[in-house]
Structures are given as structure tokens and as C-alpha cells.
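Residues take their numbers from the sequence shown, with the count starting at 1.
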Amino acid sequence: GWKGIRQAIRRIRPTCMNLPVDFYRQVPFVIRVLVFAAWRMRRLKLVFWTVNTDEDYRRVKRHAAAVISDNPLLILAHSQ
């Protein structure tokens with residue numbers, strides 16, 4: 001659960017977190033806000049995978065340091 005994740009983050013001290021884009025669909029808004037705030041305080045960079053649609057990209061772009069996609073044309077379209 002979240003307690004185990006929190007303990008692992010404290011122990012390992014990663015510089016980034018890789019999250020599936022489904023994180024936005026599966027985690028309630030209030031929890032997401034708290035999780036993102038906590039990770040921002042620790043200066044963790046967020047990498048989202050697999051971002052394959054415009055809708056997914058719009059969801060994650062605000063928080064993402066990077067995205068992983070099976071659709072390179074999508075990424076190119078948004079990088080211009």
C-alpha cells in the first residue's frame with residue numbers, strides 16, 4: 001500500500017518516479033494532489049508511461065518531467 005511506497009521512497013531516495021498514466025484514472029483527485037505535493041517537496045521528477053493519446057498527454061504534462069509513449073508522433077506534435 002501507500003505506507004510501503006512511502007517507506008521505500010525514504011529508504012531509497014530516488015530522483016524520479018515512474019508512474020503509469022492510469023494513475024490519473026485510478027487514484028482519486030484529492031489523493032493525487034497530496035501525492036504530487038509530497039513528491040514536489042522532495043524534488044522528485046515524475047515520468048509517466050504509457051502516454052499514447054492527446055487526453056493522456058494533457059493530463060500529465062503539468063506534472064511530467066518526461067513521458068514515455070508508443071506514439072512518437074504524439075510527442076513530436078506536443079513538443080513544437
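- For the pair Leu19/Leu46, a side-chain contact is recorded, criterion being any heavy-atom separation below 4.5 Å from C-beta on.
- Taking the centre of each ring, Tyr24 and Phe48 come in below the 6.0 Å mark.
- The pair Asp54-Lys61 does not meet the salt-bridge criterion, since no charged nitrogen lies less than 4.0 angstrom from a carboxylate oxygen.
- Looking at Arg32 and Gln26, their side chains never come closer than 4.5 Å, going by heavy atoms from C-beta outward.
- Side-chain atoms of Asn52 and Ser69 include a donor-acceptor pair closer than 3.5 Å.
- Considering every non-hydrogen atom in both Leu44 and Met17, the closest pair reads CD1-CG, 3.8 Å.
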Margin query: Before you tell me yes or no, could you show the steps for Gln7 and Ile12 under side-chain contact (heavy atoms from CB on, under 4.5 Å), namely the whole-Å CA-CA distance, both residues' side-chain angles and the distance that decides it to 0.1 Å?
Written below: CA-CA 9 Å; Gln7 290 171 343; Ile12 298 169; over 6 Å; no

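- Note: the hydrophobic cluster containing Ile68 does not contain Trp39 (ILVMFWY, side chain heavy atoms under 4.5 Å, direct or indirect links).
- Atom CD of Glu55 is separated from atom CZ of Arg59 by 4.0 Å, given to the nearest 0.5 angstrom.
- To the nearest 0.5 Å, atom CZ of residue Phe29 and atom CG of residue Leu34 are 9.5 Å apart.
- At most 12 non-hydrogen atoms from other residues, nucleotides or ligands lie less than 6.0 angstrom from CZ of Arg13.
- No side-chain heavy atom of Phe23 sits less than 4.5 Å from a side-chain heavy atom of Val60.
- In terms of heavy-atom proximity, Trp49 sits nearest to Asn18 at NE1-C, 3.7 Å.
- Nearest heavy-atom pair, Val67 versus Ile75, reported as atom, atom and distance to 0.1 Å: CG2-CD1, 3.4 Å.
- Between the side chain of Asn71 and the main chain of Leu74, a donor-acceptor pair closer than 3.5 Å is present.
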